[in-house]
K.L.:
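I have a structure here, written as structure tokens, and I will follow up with some questions on it.
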Amino acid sequence: MPLDQNQLKQAAAEAAIAYIPDDAIVGVGTGSTANYFIDALAKIKGRISGAVSSSEASVARLKSHGIAVFDLNSIDRLPVYVDGADEINRQLQMIKGGGAALTREKIVAAVAEQFICIADETKLVDVLGRFPLPVEVIPMARSHVARELVRLGGHPAYREGVVTDNGNIILDVHGLQIAEPAKFESELNQIVGVVTCGVFARRRADVLLLGTQAGVKTFK
Ligand code: 5RP
């Protein structure tokens with residue numbers, strides 16, 4: 001019987017444990033795949049020092065397992081960050097932010113020496129953009145940023161009822177085909193009022209662990 005999507009996410013998440021050094025503080029992402037990783041991390045919590053988290057939701061899950069959570073400002077180095085993605089291409093560039101945690105995810109990823117992306121096989125794409133691109137925006141800049149996104153060829157939609165951990169709003173941009181992700185990421189970062197865009201290309205993943213029907217495949 002074929003594995004379902006959640007089983008593929010769990011397999012990828014469990015494979016990431018092999019990348020966790022002893023005594024490390026581990027960077028932990030957000031979302032359902034990251035939740036499987038947190039649950040796997042709980043089983044080896046005796047051999048790590050603790051975690052740095054990219055969201056309040058993951059902080060709560062880590063603490064529920066008795067894993068110590070550190071402030072990113074209080075640590076010197078972060079050997080590894082493990083997180084999911086909404087889309088990832090073969091260059092290991094991603095769209096992230098489906099769970100609205102993109103800003104903290106990008107910050108933790110920037111500090112990490114190694115970014116391990118864990119995903120099921122539905123997330124692998126040739127061209128980024130079918131998944132609506134999340135953009136975190138300062139609330140008073142919402143209309144301005146939306147107009148600029150339309151100028152760049154997108155169709156932004158306000159994510160109703162969502163306030164990020166940083167007190168901001170999310171615009172989800174539909175209708176994109178992102179041919180040059182690093183260039184597009186830089187362009188979006190220039191729009192006044194954008195806090196973070198969900199293109200992760202300038203700091204892409206170093207390793208992709210992809211849960212497939214044929215087992216977990218590793219891309220570097
Ligand atoms: C949250 C994210 C997640 O990594 C992304 O949405 C994937 O989520 P899931 O593992 O639930 O499919 O970027 O902001």
Side-chain angles (χ1 to χ4, degrees), residues 3-17 19 26-41 51-62 72 80-89 92-112 114-125 128-137 157 159 161-174 176 178 181 185 188 194-212 216 219:
L3 299 175
D4 66 26
Q5 191 179 8
N6 284 328
Q7 289 170 314
L8 296 177
K9 288 180 179 193
Q10 187 172 9
E14 289 176 352
I17 293 297
Y19 290 80
V26 181
V28 173
T30 299
S32 56
T33 318
N35 282 344
Y36 285 122
F37 174 68
I38 293 171
D39 297 346
L41 202 56
V52 162
S53 170
S54 65
S55 66
E56 299 302 333
S58 290
V59 167
R61 197 175 186 99
L62 286 158
L72 184 63
V80 64
Y81 176 56
V82 180
D83 196 2
D86 298 302
E87 282 185 352
I88 184 160
N89 65 20
L92 308 194
Q93 300 164 320
M94 295 159 282
I95 285 183
K96 291 184 46 54
L102 61 163
T103 297
R104 295 189 188 191
E105 291 173 342
K106 208 174 260 197
I107 293 168
V108 181
V111 174
Q114 200 177 33
F115 183 158
I116 314 288
C117 180
I118 48 176
D120 70 87
E121 61 192 353
T122 65
K123 306 290 184 68
L124 186 63
V125 298
L128 299 176
R130 198 176 52 220
F131 187 91
L133 176 69
V135 180
E136 180 165 353
V137 175
R159 200 183 294 180
V162 171
V163 177
T164 70
D165 285 348
N166 314 304
N168 297 313
I169 59 125
I170 298 284
L171 295 176
D172 292 305
V173 191
H174 297 251
L176 296 172
I178 307 174
E185 180 179 8
L188 293 186
V194 167
V195 177
T196 311
C197 74
V199 180
F200 283 53
R202 289 155 56 89
R203 202 287 177 250
R204 62 185 189 96
D206 300 297
V207 176
L208 165 62
L209 299 174
L210 192 71
T212 79
V216 177
F219 297 76

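In this text the structure is predicted, and so the values were computed from the model without any measurement. In each ligand, atom 1 is the first atom listed, and ligand 1 is the first ligand listed.
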K.L.:
Could I get the full list of side chain to side chain donor-acceptor pair (under 3.5 Å) partners for R159, not counting sequence neighbours?
P.N.:
D172
K.L.:
What residues sit with at least one heavy atom under 4.0 Å from ligand 1?
P.N.:
K9, T30, G31, S32, T33, D83, G84, A85, D86, K96, G97, G98, G99, A100, A101, E105, K123
K.L.:
State which residues pass side chain to side chain contact (heavy atoms under 4.5 Å, CB included) with V216; sequence neighbours excluded, sorted by chain then number.
P.N.:
A11, A15, L209
K.L.:
Testing L41, V59, V82 one by one against V28 for a side-chain contact (heavy atoms from CB on, under 4.5 Å), which residue passes?
P.N.:
L41
K.L.:
Please tell me whether R104 and N166 have a donor and an acceptor in their side chains that are separated by less than 3.5 angstrom.
P.N.:
yes
K.L.:
Give the intermediate values and the outcome of side-chain hydrogen bond (donor to acceptor under 3.5 Å, both in side chains) for residues D120 and Q5.
P.N.:
CA-CA 7 Å; D120 70 87; Q5 191 179 8; 3.2 Å; yes
K.L.:
How would you list, by chain and number, every residue that makes a side chain to side chain contact (heavy atoms under 4.5 Å, CB included) with A109, sequence neighbours excluded?
P.N.:
Y81, F115, R203
